[in-house]
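Report on the following structure.
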Amino acid sequence: MDDLLKSLTQPQREAVLHVDGPMLMLAGPGSGKTRVVTSRIVNLLHQGISAHQILALTFTNKAADEMKLRLARDVPDTNVWVGTFHRFAARLLRQHAVLVGLSENYTIYDTRDSRQALLQAIETLDFPITHATPEAIQHAISWAKNNLVTAEQYSATRGHELGSIVERVYPAYQKRLLECNAVDFDDLLLHTAMLLRENPELRSSLDQRYQYILVDEYQDTNLAQYAIVRALSIDYPNLSVTGDPDQSIYGWRGANLGNILEFEKDFANVKVVRLEENWRSTKSILVVADQLISNNTRRKHKELFTDNPQGSPVRLTCYTTQKTEAEGIAGQIAGAIHSGRRRPRDFAIFYRINALSRSLEFALRDLGVPYQMIHGLEFFQRKEIKDVLGYLQVVNNPRDDVALMRIINTPARAIGKKTVERLRAHAIRYGLSMLNAARESGLIESLNKRAAVAVAKFVAIIDFLGAVGPVDVEEILGHVLSQTAYRELFTESDDPQDQERLANIEELLTAARQFDEQNPGGGHFEEFLEQASLVNDTDDWETETDKVTLMTMHAAKGLEFPAVFVIAVEEGLLPHERSRHDPSQLEEERRLLFVAITRAEEELQLSLVKKREFRGQTKYVVPSSFLMELPREEMELIGAPLGGDELAEESWGDDADWNEAGDDGEVTFNVEEFAETPPPASSSTSSDLAATLTTAAEMVSEQAAELPQVSPDEFHQGMVVRHPEYGLGKIVALGGGSARRVATVDFASGARGKKFILNASALRPAT
DNA sequence: ATTCGCAAAGTTTTT
DNA sequence: CTTTGCGAAT
């Protein structure tokens, strides 16, 4: 502990040593915030505070994992609860589900599932919605929930058209969710906040349980999150929040900047600590960031400074077109890599909208620079994954109609739209869940025999899965795959997309296996599903690989890179067109650029172009108004017209000036020079990856056939195997930990569901 | 039940 | 210009 303190600055030390009472830590970018927070937890434990009285809340899994990792380094085996708001709420809600009308096996719907539930609710209302899209309604409901407005409380402002629709739809939607025993993301917070508000004994016992609460990125909390944290800090107001108002970039999602700006009014005797010293960036970079952000009014004044060297000046480069911009940047990167000065992973390129990544991808690929792009949601949103998990959802929560309707005819089993409609009508009429309605398919008059039989077969599958019992997740998923023959949909196809789907299913099984290892005992279906819906795969962005990173400025928060490029610093893109006219939204756009700039450690280039192709047509670009707020005399300006005085106010927005500059605007780097660069290992696409994986798997099974002893890990679900007694068969499910891995096998000879302990059996892969 | 074609929209994104 | 989703046709 003493060693720890020695390496800290005075303000950092103050924050670390703070024990009781509320604390507000205003931490600028690169100020060592995470380190301070984890050190403070270490100190709390040191003071004799029990680990289970400490609660650390973050926004993203990435941040939570980072904190866990650092904490584990200092205090191995601690059981301080570190996690996201949503996960904490989900856990609390499991224990007290009944109080809000749910049962503990409730399902968490993602945005798409919620939309389906919403559409179903609108159907039951049967009044036509003409002037609002479902997305708009969904958004309005989400906004209400984030602001703690319940369905009963919601009332439209007079004359507000969308509002009056929402007023009717919101309660119906909420009813539908309860019928399905499901919640949406916002409900996790709303229900929990209401739970605490309406059950004073529960609130005070939890307040006592969680005496020390730490919240990260407090500037991004919404009202619901605020209410939860506030309710847990009344008797024991040892709440410490960390954040930076200048890095609040999620206002459009309901984040309430007021939460952090007014923290000091909210609690008595708040200790305020300012971490202003920056350890990340050069002076050149920091001064640009500082000047820019000082144009905002809604902030807490902060003086950023650093002991780091001056560094090279920040570049502001103007290219002719997005093509030359991309090539120029790719050329600089290739050059630096080629000369051995930098590695690919040192670089990041940020842009305001995903659509801008295209030209960069081409340019990087042309020069053979490996890169990775961070897109938001992926894995758990894929159709094949959602389909397979849909079965598990229904098994876990038989009232989950949304999941049921997703899978009832997937893979196709002759249950058409009409049949589903009739089932649904029956369900509504008798107040049944879809599954129970399906059970009665034989009694529904509108259904013909063929349809009724098809439905009965589906019910049989669900019942079979339900009867499997509390086994490992990997095993139940294996049963899902073999019962539905889902895998067979893809195995015969040579469409590369299908191969990718197959690989994704394997990945799901691997994820299930890892989960099983961490949660032994079997039957943890709902925890697995919860993890699947609350996780997103930007979280496991590969930090280890040596590639240039391309991402939106939003995704960049919390990261740092030696060299950063920010492209398209242009009016209409940054600030974005839709934010340009509202002063508070404009400030958020400025914060976004501030976040992007402060990711850079040593080198930074901002760039724009003269004309940009957008949605098919080329338009002359107006430089971002933010550029005028930067200390241009301290920056290196490259490329006409930014080199001269043309960046003066009078030429702003005047397209003519841009035309005159000519078409071969200066490019900072000669691309041709690097065209001959021997291409480094190119960025591997997922299909490449799938191909390698298949080959590897083949090699493994070839080897296995020759070797007398086979490792249990070499068996996988769906594999064809041979047994000396039963002959050829197929693995329909796998379960158990690595030492006691059990395979369930159906044999061609007719023997079904035979179980073998892989370590001990004579079962071998067939080749 | 699947496939094809057309229309419409096209910030940012967590959970 | 692209992508994506829904609806109509086979």
Side-chain angles (χ1 to χ4, degrees), chain A residues 57-64 83-91 93 108-116 119 133-136 139 142 145-146 183-190 192 216-217 220-222 224-225 248-255 322 350-359 374-378 380-381 383 409-420 451 454 489 530-539 551-558 568 570 572-580 582 585 588-589 591-593 595-596 612-619:
Chain A
L57 296 171
T58 65
F59 274 82
T60 61
N61 292 301
K62 191 168 68 187
T84 63
F85 265 102
H86 289 263
R87 202 168 280 232
F88 174 69
R91 206 181 66 141
L93 209 52
I108 301 169
Y109 283 166
D110 66 16
T111 316
R112 292 172 79 111
D113 292 337
S114 314
R115 170 111 89 252
Q116 287 308 312
L119 290 172
T133 60
E135 299 88 82
H139 187 249
S142 170
K145 287 181 174 180
N146 285 330
V183 300
D184 61 26
F185 287 135
D186 304 313
D187 275 341
L188 288 171
L189 304 175
L190 178 66
T192 304
D216 195 25
E217 307 278 14
D220 286 332
T221 44
N222 60 35
Q225 287 160 327
S248 165
I249 53 176
Y250 287 107
W252 49 274
R253 217 173 75 195
Q322 54 199 335
F350 303 147
Y351 33 82
R352 177 65 232 267
I353 59 173
N354 279 311
L356 291 173
S357 68
R358 237 195 156 72
S359 41
I374 312 299
H375 258 99
L377 28 111
E378 289 273 282
F380 286 102
Q381 307 270 22
K383 185 180 181 315
N409 197 34
T410 314
R413 51 172 74 87
I415 301 176
K417 210 160 58 177
K418 272 278 173 314
T419 307
V420 175
L489 285 177
E530 179 177 311
Q531 186 162 318
S533 41
L534 295 183
V535 111
N536 123 325
D537 67 349
T538 326
D539 297 337
M551 59 169 99
T552 63
M553 301 165 85
H554 280 92
K557 181 143 104 170
E570 298 157 12
L573 279 168
L574 183 69
H576 193 273
E577 186 59 40
R578 297 200 190 171
S579 307
R580 224 147 50 99
D582 173 350
Q585 285 188 56
E588 182 153 317
E589 297 283 315
R591 290 195 291 268
L592 195 52
L593 181 55
V595 167
R612 187 171 293 278
E613 221 177 287
F614 199 59
R615 290 190 199 164
Q617 42 191 287
T618 307
K619 283 196 171 156

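Hydrogens, waters and symmetry mates are skipped; everything else that's a heavy atom, side chains included, is used. The chains referred to below are lettered A, B, ... by the order of the sequence lines, with proteins before strands, and numbering in each begins at 1. It should be emphasised that the depicted structure is a prediction, and the values quoted were computed from it without experimental measurement.
- Partners of A:Ala90 by side chain to side chain contact (heavy atoms under 4.5 Å, CB included), not counting sequence neighbours, listed by chain and number: A:Tyr106, A:Ile108, A:Leu188, A:Glu530, A:Leu534.
- Among the atoms of the strands shown, base atoms are found under 4.0 Å from some heavy atom of A:Glu589.
- Here B:dT11 presents its C1' atom at 15 Å from CD of A:Glu570, a figure rounded to the nearest Å.
- When the side chain to side chain contact (heavy atoms under 4.5 Å, CB included) test is applied to A:Thr410, the partners found at least two apart in sequence or on another chain are A:Lys383, A:Asp387, A:Tyr486.
- Among residues two or more places apart in sequence or in another chain, the side chain to side chain contact (heavy atoms under 4.5 Å, CB included) test is passed with A:Arg112 by A:Asp110, A:Gln381.
- Residues that satisfy the side-chain hydrogen bond (donor to acceptor under 3.5 Å, both in side chains) test with A:Arg91, not counting sequence neighbours, are A:Tyr210.
- Taking atom P on both B:dT12 and C:dG5, the two are 15 Å apart, rounded to the nearest angstrom.
- Taking syn as a glycosidic angle within 90° of 0, B:dT12 does not qualify and is anti.
- Note that OG1 of A:Thr552 is 7.0 Å distant from OH of A:Tyr351, once rounded to the nearest 0.5 Å.
- The side chain of A:Trp252 lies closest to B:dT13, out of B:dT13, B:dA1, B:dT15.
- Heavy atoms of A:Asp184 sit nowhere under 4.0 angstrom from any nucleic acid atom.
- Taking for each of A:Ser533 and A:Ile353 the nucleotide of DNA chain B with the nearest heavy atom, the 5'-most of the two is the partner of A:Ile353.
- Taking only side-chain nitrogens and oxygens, A:Asn61 comes nearer than 4.0 Å to OP1 or OP2 of B:dT15.
- The A:Arg578 side chain lies nearest to B:dT11 when the options are B:dT11, B:dT12, B:dT15.
- Applying the 5.5 angstrom centroid cut-off and the 30 degree plane-angle cut-off, the aromatic ring of A:Tyr250 is not stacked upon the base of B:dT12.
- Side-chain proximity of A:Thr111 to B:dT11, B:dT15, B:dT14: nearest is B:dT15.
- Between A:Lys62 atom NZ and B:dT13 atom P there is a gap of 11 Å when expressed in whole angstrom units.
- As a whole-Å value, the separation of A:Leu534 CG from B:dT15 P is 8 Å.
- For DNA chain B, the residues of residues 411-418 of chain A within the heavy-atom distance limit of 4.0 Å (strictly under) are A:Ala412, A:Ala414, A:Ile415, A:Gly416, sorted by number.
- Residue-to-nucleotide proximity on DNA chain B shows that, of A:Ser579 and A:Leu188, the 5′-proximal contact is made by A:Ser579.
- Rounded to a whole Å, the CG atom of A:Leu573 is 13 Å from the C1' atom of B:dG10.
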Using a cutoff of under 3.5 Å, can you pull out all pairs of nitrogen or oxygen atoms linking the protein to nucleotides 1-10 of chain C, with atom names and distances?
residue	atom	partner	partner atom	Å
C:dC1	O4'	A:Gly616	N	3.4

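- Taking 4.0 angstrom as the limit, A:Asn354 places a side-chain polar atom (N or O) nearer than this to OP1 or OP2 of B:dT13.
- When the P atom of B:dT15 is taken as reference, atom CG of A:Leu57 falls 14 Å away, rounded to whole Å.
- With sequence neighbours left out, A:Glu589 forms a side-chain hydrogen bond (donor to acceptor under 3.5 Å, both in side chains) with A:Arg352, A:Ser579.
- Residues passing the side-chain hydrogen bond (donor to acceptor under 3.5 Å, both in side chains) test with A:Ser357 are A:Glu361, sequence neighbours excluded.
- Partners of A:Gln116 by side-chain hydrogen bond (donor to acceptor under 3.5 Å, both in side chains), not counting sequence neighbours: none found.
- Within the 4.0 Å cut-off from OP1 or OP2 of B:dT14, not a single side-chain nitrogen or oxygen of A:Arg253 is found.
- Classification of the A:Trp252-A:His554 ring pair by plane angle, with boundaries at 30° and 60°, yields perpendicular.
- Using bins of under 30°, 30° to 60° and over 60° for the plane-to-plane angle, the ring pair A:Phe185/A:His86 lands in the perpendicular bin.
- Between the CD1 atom of A:Ile249 and the C1' atom of B:dT13 there is a distance of 10 Å, rounded to whole Å.
- Between A:Leu189 atom CG and B:dT15 atom C1' there is a gap of 8 Å when expressed in whole angstrom units.
- The shortest heavy-atom contact between A:Lys557 and A:Asp220 is NZ-OD2, 2.5 Å.
- In this pair, A:His576 lays its aromatic ring flat on the base of B:dT11, centres within 5.5 Å and planes under 30 degrees apart.
- Between the P atom of B:dT11 and the CZ atom of A:Arg352 lies a distance of 10 Å, rounded to the nearest Å.
- To the nearest whole angstrom, the two P atoms, one in C:dT4 and one in B:dT13, are 15 Å apart.
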